[in-house]
> 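Sharing a structure, written as structure tokens. Questions coming.
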Amino acid sequence: MSTYVVVGLQYGDEGKGKITDVLSAKSDYVVRYQGGDNAGHTVYAGDEKFVLHLLPSGVLQCKGKCIIANGVVVNPKSFIKEIEQIESKGMKTDHVFISRRAHVIMPYHILLDTYREEEQGGTQIGTTKKGIGPCYEDKISRVGIRMVDLLNPQILREKIEKNLRTKNALFSKYFGKPELDVESIYNEFVTIGEALKHRIVDTELELNQAIHEGKNILFEGAQALMLDIDFGTYPYVTSSSPSTGGVCVGAGVPPTSLQNLIGVAKAYCTRVGHGPFPSELNNELGEQIRQIGGEFGATTGRPRRTGWLDLVSLKHACMINGINNLVITKLDVLTGIKPLKIVTHYKTEDGKIIDYFTSSTTKLYNYQAIYEELEGWDEDITHVRGYDELPVAAKKYIEFIEDYLGINVYLVSVGPERSQNIIRKELF
Ligand code: GDP
Ligand code: IMO
Ligand code: MG
């Protein structure tokens, strides 16, 4: 049994795609288990850049199967577009499958997401407007449409009719927007079902069998713990469980089957969308990090907010996920910044010094970050492949993180390319 879970520990965009791609070369399965096409996972394969939203980032290198499991919300139009993009570059996609149980993002989900964001003006969450929240709402309300329903025209029509009765009332009466037409949505989705039927399968049986046979299975998280519906900065979160715990319900595998829990964090921190960010740098240095790090959303193109590494939130993320292997990415981006700062504590409104994360998002806005200052370095580290070749200050930076969290950093990423890694321990 060899299972690996790659999860984000901050607010997304930590470089999960790059790490998944690297690990997928030795994986028999690469599995997405939550989220949808709100994700944007960047992979460089030679000179070619791929941004994967819905397809597992293993699609390029995995010799086995790539699975979109039951916990993912699937926009089938995005799926088809991504498949076409990959195939247009001469790559095969016949190893990609979707769970019959996965819920479908329908046009009304995307509209609802968009109308709500527009309606709330300045206080919106800043979603990707991909319909993620509304689709998960329907799943939990037990009115959702699943991939398997696309294969049964009668059930599909009934479900679209039922859903549009309430959604159309909301659109016209509450939002003052046009109603949607059952017939055109039905026709579109029945055609999609026909086109995708060879890829819509039961995935949980096969995954459990593969675990039993000791195959290498890599679960790829989207988003990150600080965007987790339960443990993130609610309500400024996504609508799924990006944690390692989410793997069990999102792919139908037992908790006892999860072994290598790999947490990915940037050497600094970024956030897209609204919500508290105690270590945010609203200044020139923040802009410098944004430019050097290329911090612009892979899905929406929005500039990412930037800030110092926050070990208080990272400790919270490692605890909830049970991380036993850390990956630090984008260490190269910190080259030339002196001194470097890392958050070790927060000061609360009433002057208390704490080192744990709070459940009160409102209070977090008023917390003051307390920093430890560390020396920076000037050397270009993008060509370094051996840990001992790193500048002393860079090693101290990594070791400070390890000491604070009590977890080893097994891989340090020093550039976006597949080869730009310092691997301290082979996991496979
Ligand atoms: P994901 O959503 O976690 O997969 O991350 P994204 O792909 O949204 O954002 C990470 C960005 O950083 C991408 O543009 C990657 O190509 C890039 N990247 C990943 N690792 C490194 C690294 O170590 N150094 C640098 N400079 N860029 C990196
Ligand atoms: P990857 O997998 C960064 C953010 C959105 C918004 C909030 C809710 O690339 O790390 P949603 O559309 O999910 O309802 O939006 O979550 N968000 C992400 N931020 N990386 C992502 O994915 C994200 N997916 C959603 O910006 O703040
Ligand atoms: Mg991303």
Side-chain angles (χ1 to χ4, degrees), residues 6-22 32 34-45 49-54 56-57 72-73 75 105 109-110 112-114 116-117 124-137 220-229 232-240 242 263-277 289-305 327-335 380-382 384 411-422:
V6 171
V7 291
L9 299 177
Q10 294 160 318
Y11 298 94
D13 306 326
E14 296 88 352
K16 301 175 293 294
K18 175 194 157 166
I19 302 304
T20 301
D21 168 68
V22 168
R32 275 281 308 269
Q34 47 70 233
D37 61 338
N38 49 348
H41 295 177
T42 315
V43 176
Y44 281 90
K49 176 184 175 181
F50 295 86
V51 181
L52 302 158
H53 300 286
L54 194 50
S57 303
V72 177
V73 284
N75 179 335
I105 297 180
H109 293 137
I110 297 169
L112 197 52
D113 197 358
T114 308
R116 279 182 187 157
E117 284 286 305
Q124 77 271 43
I125 289 163
T127 74
T128 57
K129 299 183 183 163
K130 299 285 181 189
I132 307 295
C135 185
Y136 277 119
E137 282 169 38
E220 176 187 13
Q223 291 80 52
L225 200 275
M226 301 312 294
L227 294 174
D228 183 279
I229 187 76
T233 52
Y234 192 91
Y236 301 101
V237 292
T238 193
S239 299
S240 67
V264 186
K266 267 180 210 181
Y268 48 98
C269 192
T270 62
R271 174 164 206 166
V272 206
H274 296 244
F277 184 175
I289 293 176
R290 182 175 306 116
Q291 294 303 331
I292 298 173
E295 297 299 354
F296 297 89
T299 298
T300 58
R302 290 177 290 177
R304 294 175 183 150
R305 299 157 66 194
V327 171
I328 299 294
T329 61
K330 305 190 94 160
L331 191 66
D332 54 300
V333 175
L334 295 184
T335 296
D380 175 9
I381 59 169
T382 55
V384 174
L411 189 152
V412 181
S413 172
V414 289
E417 307 282 334
R418 274 180 181 154
S419 60
Q420 291 181 295
N421 303 309
I422 297 168

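Values in this document were obtained by computation on a predicted structure and should not be read as measured data. Note that ligands are numbered from 1 as they come in the structure, with each ligand's atoms numbered from 1 the same way.
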> Tell me if a side-chain donor or acceptor on T335 pairs with a main-chain N or O of D380 at a distance below 3.5 Å.
no
> What residue and atom, counting heavy atoms only, is the protein's closest point to atom 7 (O) of ligand 1, and at what distance?
T42 OG1, 2.6 Å
> Strictly distance-based, threshold 3.5 Å: is any side-chain N or O of K130 a donor or acceptor partner for the main-chain N or O of G36?
no
> If you check every N/O/S atom of D13, which is the one nearest the Mg ion (ligand 3)?
OD1
> Report yes if G293 has an N/O atom closer than 3.5 Å to an N/O atom of ligand 1; otherwise report no.
no
> May I ask you to check whether G297 brings an N, O or S atom to under 2.8 Å from the Mg ion (ligand 3)?
no
> Do me a favour and list the nearest non-hydrogen protein atom to atom 19 (C) of ligand 1 with residue, atom name and distance?
K18 CD, 4.1 Å
> Considering heavy atoms of the protein only, find what lies nearest to atom 8 (O) of ligand 1 and give residue, atom and distance to 0.1 Å.
G40 O, 2.8 Å
> Counting heavy atoms only, which part of V414 comes closer than 4.0 Å to ligand 1: side chain, backbone, both or neither?
backbone
> Of H41, R304, E220, which has the heavy atom at the shortest distance from atom 9 (O) of ligand 1?
R304
> State whether the shortest distance between N or O atoms of E14 and N or O atoms of ligand 1 falls below 3.5 angstrom.
yes
> Any donor-acceptor pair under 3.5 Å linking the side chain of D37 with the backbone of L54?
no
> Which atoms from ligand 1 have a heavy atom of Y44 less than 4.0 Å away?
16 (O)
> Does a side-chain heavy-atom distance below 4.5 Å link R271 with P276?
yes
> Which ligand 1 atoms does V333 reach within 4.0 Å, using its non-hydrogen atoms?
26 (N)
> Taking R304 for the side chain and R290 for the main chain, is one N or O donor matched with an acceptor at less than 3.5 Å?
no
> So for ligand 1, is A298 a polar contact partner (N or O within less than 3.5 Å, distance only)?
no
> Identify the closest protein heavy atom to atom 23 (O) of ligand 1: which residue and atom is it, and at what distance?
S413 OG, 2.5 Å
> Check whether any side-chain N or O of T382 sits under 3.5 Å from a backbone N or O of V414 as a donor-acceptor pair, and report yes or no.
no
> Is it true that a side-chain atom of E14 and a backbone atom of G12 form a donor plus acceptor pair closer than 3.5 Å?
yes
> Quick one: which ligand 1 atoms are inside 4.0 Å of a heavy atom on G415?
20 (N), 21 (C), 22 (C), 23 (O), 24 (N), 25 (C)
> Looking at every heavy atom in both V73 and C135, which two are closest together, and how far apart are they?
CG1-SG, 3.5 Å
> For the residue pair H274 and Y236, categorise the inter-ring angle as parallel (less than 30°), tilted (30 to 60°) or perpendicular (more than 60°).
parallel
> Kindly tell me which protein residues have any non-hydrogen atom under 4.0 angstrom away from an atom of ligand 2, grouped by chain and ordered by number?
Y11, G12, D13, K16, N38, A39, G40, H41, I125, G126, T127, T128, A222, Q223, L227, V237, T238, V272, G273, R302
> Among I328, V333, L334, which residue meets the side chain to side chain contact (heavy atoms under 4.5 Å, CB included) test with K330?
V333
> I want to confirm something. Looking only at heavy atoms, which of V6, D332, V264 is nearest to atom 25 (C) of ligand 1?
D332
> Looking at ligand 1, is there an atom of it that comes within less than 4.0 Å of some heavy atom belonging to G8?
no
> Sub-3.5 Å donor-acceptor pair from the side chain of E117 to the main-chain atoms of G126, do we have one?
yes
> Under the 3.5 angstrom rule, does the side chain of Q34 hit a backbone N or O of A222 as a donor-acceptor pair?
yes
> Calculate, to the nearest 0.5 Å, the distance between atoms OG1 and CG belonging to T299 and N38 respectively.
7.0 Å
> Does the side chain of T238 come within less than 4.5 Å of Y136's, by heavy atoms?
no
> Could you check which of Q10, K330, E295 puts a non-hydrogen atom nearest to atom 17 (C) of ligand 1?
K330
> Would you check whether G15 has a nitrogen or oxygen atom less than 3.5 angstrom from a nitrogen or oxygen atom of ligand 1?
yes
> Where the side chain of E220 meets the backbone of S57, is there a donor-acceptor pair that is under 3.5 Å apart?
yes
> What residue and atom, counting heavy atoms only, is the protein's closest point to atom 4 (O) of ligand 1, and at what distance?
G17 N, 2.8 Å
> Is D13 touching ligand 1 with its side chain, its backbone, both, or neither, if touching means heavy atoms under 4.0 Å apart?
both
> Between Q10 and Y268 (side chain of the first, backbone of the second, donor and acceptor by atom type, cut-off under 3.5 Å), is there such a pair?
yes
